[in-house]
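Below: the structure, in structure tokens.
We count residues from 1, following the sequence as given.
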Amino acid sequence: MTVTETDPPAESAAVPWGRVGALVGGQAVVQLGSFALLIAMNWTAVQLGGAGAVTLLMLAATVPRALMLVFGGALADALGPRFVLLRTTTARAALLAFGAVVTATTEQLWPLVAIALLEGVLLGMAGPASGTLLPRFARGDQLARANSAYATVLRVAPVLGAPAGAWLITVGELWVAMLTAAATGLVWLGCLLFITRGFTRPARQAGGRSLLRRSGDGFRLLARYPRLRWMFVASLGLDMAFSWPVEVALPLLVHERGWGVGAVAMVLAAFSLGALASSALGAAFAHRIPVFFRLVVTGAGLAAGITLMALMGSPGSLTAVAAGVGLMSGFNGPAIVTLYQEAAPEGRMGAAMSTLALAGIGAAPLSIALFSSLSLVLGVERTWLLCGAVAAVSPVAAILALRARPPAEPDAGPAAGAGARGREPGAVPPASGPAGPHPAPAPGARPGGPRGTGDPVDSPRAGASPPHASGEPVPLRT
């Protein structure tokens, strides 16, 4: 049955776990291919031009993606997720298939850069639309479970995808990895055809604003909705606090203390396993765990854990603390995404998710630039402790978000009231309660903090998807 924008919410409909399963399963496949391609492209770039080539490739993948996220949010709200996702996913598969032909016939860097740039544009356009899917099928505690299941996929994908990419580049060439990624994209396209079946495009607004003007709606939402604003701060604070310690400071600290590179691998593995375990637990039991624990208690634990990591005197103790930080991260990331989605106003989910994704993608370079500069003055350990203090902002912001109430008047945006949540197949009525997501006028990764969201290379945050991943951008700790 086709669902129209005027259908009333399905007050008693159950969560369509078949569609949710197809979404999570499809993302598992496409993320595996994306991480494999990421490793293969980076390795090829090293061979063609060294570190400078890798830097150029990563910039080509991430900068256009970040720029297009804001426009992608407006596109998702205006045209609907089905329209956007089917076209961008098809275009990405075609691009990678064409790229396989090109890279099979030439050994130059420029095709890789061009492909990464175009793929970044497509992923930026698709990201916010992907972030609107889960809230159409589940609300409240069930949405928390769905987001945890999605986060589990983002944790597993780099673990399996990275060695797969190394194997593909060893037994074949880059074009093999690129063709494999194109094939996984087609699998995701097939899943999308099922997932978005019955979705209709939002009604056009008479005298509505242009897409360019609507591209700033995400920031306007932060100004108008206190809950969104404080959840944005909570996410940004943790992403800022995680990026520099994991990507820069950890190897430096280990080297200063003479522990050997094996300690770095051990710490990252412990974090990843802890986060994977808690994400899986959340997928099964998030509805039985109070949101205050998943959001505020774990946020405070993350801040304490980041601080303690800088003070540990042995590889074993550092690894143990990292595992605990990972456990809390696996609960905290999905909780942030869930509450953010629940707080977004009707018809503006794309705009809301674009700003959350932008916070994740933009936090890493900002964190690295800021704290690397400070470490030259303060030293690695003191700067790491400062990161712990920055992380402490997150639980405070989370408390303020839980206490916040939606604006007294409905959002006046042109898309207000045109949302599809509760109007798509299997939509569920809003959850309510002072400690849970509000039916306020009501995302996976960095592509990867200790990401994803974006979730590129899976730093402990898998919520960030990599430059060559596709799908919902999830905050860094998902």
Side-chain angles (χ1 to χ4, degrees), residues 65-78 124 127-132 135 147 209 211-241 295-296 299 332-333 335-364 366-367 390 393-419 421 437-443 452-454 463-464 472-478:
R65 181 178 183 180
L67 293 176
M68 289 303 297
L69 276 174
V70 175
F71 181 74
L75 202 64
D77 290 338
S130 293
T132 70
N147 275 321
R209 298 171 299 162
L211 284 177
L212 184 61
R213 287 180 59 84
R214 292 183 62 171
S215 63
D217 282 356
F219 300 103
R220 297 185 187 100
L221 291 177
L222 294 182
R224 178 171 176 77
Y225 289 81
R227 176 164 289 188
L228 283 178
R229 182 167 61 250
W230 287 118
M231 291 310 303
F232 177 88
V233 171
S235 178
L236 181 63
L238 280 178
D239 287 347
M240 282 287 294
L295 190 63
V296 178
N332 185 268
I336 286 180
V337 177
T338 299
L339 198 62
Y340 201 89
Q341 290 170 333
E342 286 289 330
E346 295 287 352
R348 313 290 284 282
M349 180 66 73
M353 293 306 296
S354 70
T355 55
L356 187 62
L358 189 61
I361 292 177
L366 182 59
S367 172
V390 172
V393 170
S394 182
V396 175
I399 291 174
L400 294 173
L402 290 175
R403 292 172 58 88
R405 292 291 180 266
E409 299 178 0
D411 187 74
R421 284 183 302 162
H438 276 267
T453 21
E472 170 187 356
V474 180
L476 294 186
R477 291 135 325 274
T478 57

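Between the Q341 side chain and the G131 main chain, a donor and an acceptor come within less than 3.5 Å of each other. Side-chain N or O atoms of R229 include one that pairs as donor or acceptor with a backbone N or O of A223 at under 3.5 Å. Judged purely by atom type and a 3.5 angstrom limit, D217 has no side-chain atom pairing as donor or acceptor with the backbone of A74.
The shortest side-chain heavy-atom distance between R227 and R405 falls under the 4.5 Å cut-off. Looking at F219 and L358, their side chains come closer than 4.5 Å, going by heavy atoms from C-beta outward.
Residue Y225 comes nearest to A343 through the heavy atom pair CD2-O, 4.2 Å, listed as atom of the first residue, atom of the second, then distance. Taking all atoms of both residues into account, the shortest heavy-atom contact from G350 to T132 is N-CG2, 3.6 Å. Looking at every heavy atom in both residues, A397 comes nearest to A234 through CB-N, 3.8 Å. Taking every heavy atom of both residues into account, A398 and V296 meet most closely at CB-CG2, 3.9 Å.
For the atom pair OG of S367 and CG of L238, the computed distance is 11.5 Å after rounding to the nearest 0.5 Å. Taking CE of M349 as the start and CG of L221 as the end, the distance is 10.5 Å to the nearest 0.5 Å. Put simply, CD1 on I336 and CG on L236 are 10.5 Å apart, with the number rounded to the nearest 0.5 Å. If you take CZ on R220 and CZ on R348, they are separated by 8.0 Å, rounding to the nearest 0.5 Å. Put simply, CG on L339 and CG on L228 are 8.5 Å apart, with the number rounded to the nearest 0.5 Å.
Judged as a side-chain contact (heavy atoms from CB on, under 4.5 Å), and not counting sequence neighbours, the contacts of A129 are A76, P81, V84, L85. When the side-chain contact (heavy atoms from CB on, under 4.5 Å) test is applied to S354, the partners found at least two apart in sequence or on another chain are P128. For the side-chain hydrogen bond (donor to acceptor under 3.5 Å, both in side chains) test, residues two or more places apart in sequence or in another chain that qualify with T355 are Y340. The side-chain contact (heavy atoms from CB on, under 4.5 Å) check on V393 picks up V233, with sequence neighbours excluded.
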